[in-house]
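Below is one structure, written out as structure tokens; the observations come after it.
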Amino acid sequence: MNRDYPNLCQPLDVCGLRLRNRMCSAPMGATDVDAQGTPGPRTLGFYEARARGGAAIVTVSELVVHPETDGSQMLHLSLKTPGQLAAFTYVADAIARHGAIPSIELSHSGQYAGTYMVDKAAKGELCQYGASDGVRPDGIKVKALTAQQIDSIVEAYAEAAALAQRAGFRMCMVHCGHGWLINQFLSPYFNKRTDEYGGSLENRTRLARRILQAIREKCGPRFAIEMRMSGSELFEGGYDLEEGVRIAQALEELVDIIHVSAGSYQFGFSITHPSMFRDHGCNVYLAAEIKKHVSKPVATLGGLSDPAQMEEIIASGQADLVAMGRGLLADPELPNKVMSNRGDEIVRCMRCFTCMAERPVTQTRRCSLNPRIGRELEGHAIVPVPELDRKRVLVVGGGIAGMVAAYTAAKRGHRVTLCEAGPRLGGILATEAAVPFKQDMYQLGITYATLCERAGVDIRLNTLVDAAWAEEFGADAAVVAVGSEPMSLSFLPVNEDAYVVNVEELYLGGAAVTDEVVVVGGGLTGAECALKYVREGKKVHLVEMRDGIAIDANCRHRPILLKEIEDSAIDVVVNARAKAVTAEGVTVTLPDGSEQLIAGTTVVSAIGQRSRKAAVEDLRDAAPWVRVIGDAWLPRNVTAAVYEGFHAALDI
């Protein structure tokens, strides 16, 4: 067959292994790890999904090699713990049986031990070890590793690799980036040692060299080694790309793949894991430069999910492999879709950080777009129902909740009709077309419209469904996903000459915006709206009655958003309750009882959404079986809409 993305689909031979394509599953943390560091069945299902989805390499993350100096983090592998080797063997088997290469990430977090602990206060009870004595930015003291401890760590890497090899892993990834221990030795910022491990580049690479040599000696020439490094630390005092090239050159003879990432944990989470405010593939240039100077295959990553972009990366020689983390959380089938010329069916990651925010909060995995992540073994697969059990299904509302429900029900074999009152599918997602950094969310609506059409859903636009219409239609099951509508400022005195619009009127209706804007409502929607208009050159004021903005954002996205706002010229006014709106702006009441005019000739209402309760009530008897989902039930977020749409369809 002629492939749409021939370079991305091309096999690659590495260390006696044939990679079936150029798409790899980057390390992503496990989901059910017990107190001894043993992976559970959910972890097996989590990684198996990536292998079944067509990735060439699936890397299990993170295996902590030396609990004595890094005892708080993730997986351990030791013969001392009964059943631990078997658990890893089952995981490796689950990856390999689908044609992927099972790999495991070997890690030591050094002075950042405890990063992923839910109880952050407990980090203070740990002894943090690093390249040098010091104090972390959060005040925790760091103790330099002794020569004897270094020897023990080197041996631990080799032992961990050998046990992983025994369990069936065909390769390992040695984590030398992101500010973890080996990177702390490579970095002139962290490494202030005066012995054989500090000072010159030769000395700073000594620990990495010893570890890589020890693994090769222990595991032999047919066990592939991938080195993950930061091409540049990207902060003042860290090493730059020029030195990153020299580090890669110094170590390439000891590895089979050079995996180039970016940044450092402490100084750039949104760089290491590019946020929606950065370009897709923003870190690819690091891999492209290193590839010019080494002979080993180079892997790149960083917010990648568009097959056309990844094809260009491989075709132009910027890298030999592309790795994805979040992209394969959102759609584990991405490689299979690329290989079968279904690139437009890929559910692309929105870079919302729901996946990474969930881990420190509950120690589980969750993805806004994939309800099965971390729950692969719970029996929630989309399985066709017997023909006799197939129903006539009516889905009312073409937003993301309704589209997910319609698509999922149609894939199960039900006869599905999706009715949307407006002229297009997408619902609230359609508003994101107007926001440059929310294009991935807008694309989600386009993708699901395509998926619904190809699944055979009968899509009826400009069709308002009421009780009479539903009665005449005669569905066996109805899913009510009529969504929500913006709340207005009508509870305030608003002068007739004031110019007040809501976010939907701006984004969908094309309402005009003057040069000075007051956004009333500092939640996630309002904060992002303010950022949009300040980037367009408007003078923007953001007013919030609570004591902080974007409080409804998750714990990973919020700090990044706040930094974007801090670096902008937005005038943020918190603890301010709107009192009246005039042509001159918004009068607010401050905590001390005083009043202040926030000047602006356009007032944007972003105070929230309310469910369309009347429409919901009208449709409560639309069929023998009725489920209300998404914002129609309670206004929340894309995650809730996707999950409820998916499970409603499974329940029919």
Side-chain angles (χ1 to χ4, degrees), residues 11-29 47 50-51 55-63 65 75 91-92 95-96 100-108 157-158 160-165 167-178 180-183 186 205 207-231 244 247-262 272 283-284 286-287 290-291 294-302 304 314 319-325 328:
L12 180 67
D13 294 324
V14 176
C15 193
L17 302 173
R18 167 145 284 213
L19 310 186
R20 57 187 170 186
N21 56 53
R22 304 302 180 93
M23 296 167 281
C24 304
S25 178
M28 293 180 285
Y47 291 115
R50 251 30 39 78
I57 300 170
V58 175
T59 303
V60 173
S61 171
E62 297 184 48
L63 177 61
V65 301
L75 298 166
V91 173
I95 295 169
I101 306 299
S103 179
I104 193 161
E105 182 182 33
L106 307 182
S107 179
H108 192 305
Y157 269 95
L163 284 175
Q165 184 181 38
F169 288 91
R170 302 295 304 280
M171 62 185 292
C172 70
M173 173 187 284
V174 179
H175 198 338
C176 303
H178 297 177
W180 275 191
L181 180 67
I182 300 176
N183 179 250
L186 295 173
T205 59
L207 174 61
R209 175 170 287 274
R210 287 191 61 195
I211 287 169
L212 295 170
Q213 287 173 331
I215 293 172
R216 182 66 74 203
E217 290 170 5
K218 184 75 79 170
C219 298
R222 308 299 284 178
F223 184 73
I225 301 175
E226 182 175 8
M227 176 180 70
R228 184 179 221 190
M229 64 174 291
S230 293
I247 290 170
Q249 289 175 318
L251 299 171
E252 73 162 313
E253 66 177 294
L254 301 173
V255 303
D256 302 292
I257 298 173
I258 301 172
H259 174 113
V260 182
S261 186
T272 302
N283 295 330
V284 171
L286 299 169
I290 286 175
K291 182 169 167 54
V294 298
S295 59
K296 296 295 174 66
V298 171
T300 190
L301 78 169
L304 299 174
I314 304 300
D320 302 286
L321 295 160
V322 292
M324 293 164 278
L328 295 184

Close side-chain approach of Val260 to Thr300, heavy-atom, < 4.5 Å: no

Whether the side chain of Ser230 engages the backbone of His178 through a donor-acceptor N/O pair (distance < 3.5 Å, no angle test) should be reported. yes

Rounded at 0.5 Å granularity, tell me how far SG in Cys24 sits from CD1 in Ile257. 6.5 Å

Using a 3.5 Å distance criterion without hydrogens, assess whether the side chain of Lys296 forms a donor-acceptor pair with backbone atoms of Val255. yes

Going from CD1 on Ile215 to SG on Cys172, what distance comes out if it is rounded to the nearest 0.5 angstrom? 4.5 Å

Heavy-atom neighbours of Arg210 CZ exceed 12 at 6.0 Å: yes

Identify the residue among Met28, His259, Met173 that makes a side-chain contact (heavy atoms from CB on, under 4.5 Å) with Glu105. Met173

Indicate the atoms forming the closest heavy-atom contact of Ala262 with Thr272, along with that distance. O-OG1, 2.9 Å

How close do Phe223 and Gln165 get, counting heavy atoms only, and between which atoms? CB-NE2, 3.6 Å

Would you give the length of the straight line joining atom OG of Ser61 to atom OH of Tyr47, rounded to the nearest 0.5 angstrom? 5.5 Å

Non-hydrogen atoms of Cys176 and Asn183 that approach each other most closely: O-CB, 3.4 Å

Of Arg228, His175, Glu62, the residue whose pairing with Ser107 passes side chain to side chain donor-acceptor pair (under 3.5 Å): Glu62

If we ignore hydrogens and angles and just use 3.5 Å, is the side chain of Ser261 paired with the main-chain N or O of Met229 as donor and acceptor? no

Tightest non-hydrogen contact, residues Leu301 and Ala26, listed as CD1-CB, 4.1 Å

For a quick test of reading the model, state the closest non-hydrogen atom pair linking Ala158 to Ala214 and the distance between them. CB-O, 3.6 Å

For Arg209, enumerate each residue passing the side chain to side chain contact (heavy atoms under 4.5 Å, CB included) test, keeping only those at least two apart in sequence or located in another chain. Gln213, Leu251, Glu253, Leu254

What distance do Gln249 atom CD and Ile290 atom CD1 have between them, rounded to the nearest 0.5 Å? 9.0 Å

Provide the closest heavy-atom pair for Ser25 versus Arg50 in the form atom of the first, atom of the second, distance. OG-CG, 3.0 Å

Please step through salt bridge (Lys or Arg N to Asp or Glu O under 4.0 Å) for the pair Arg216 and Asp256, ending with a clear verdict. CA-CA 11 Å; Arg216 182 66 74 203; Asp256 302 292; 2.9 Å; yes

Once rounded to the nearest 0.5 Å, what's the spacing between atom CD1 of Ile314 and atom CG of Leu321? 6.0 Å

Between Ile211, Thr205, Leu106, which is the residue that forms a side-chain contact (heavy atoms from CB on, under 4.5 Å) with Ile182? Ile211

Any donor-acceptor pair under 3.5 Å linking the side chain of Arg20 with the backbone of Ala55? yes

Got a second to check how far Met23's CE is from Leu328's CG, nearest 0.5 Å? 9.0 Å

Does the pair Val14 and Ile57 meet the rule for a side chain to side chain contact (heavy atoms under 4.5 Å, CB included), with working shown? CA-CA 11 Å; Val14 176; Ile57 300 170; over 6 Å; no

With Glu226, which residues qualify under salt bridge (charged side-chain N to carboxylate O under 4.0 Å, His left out), at least two apart? none

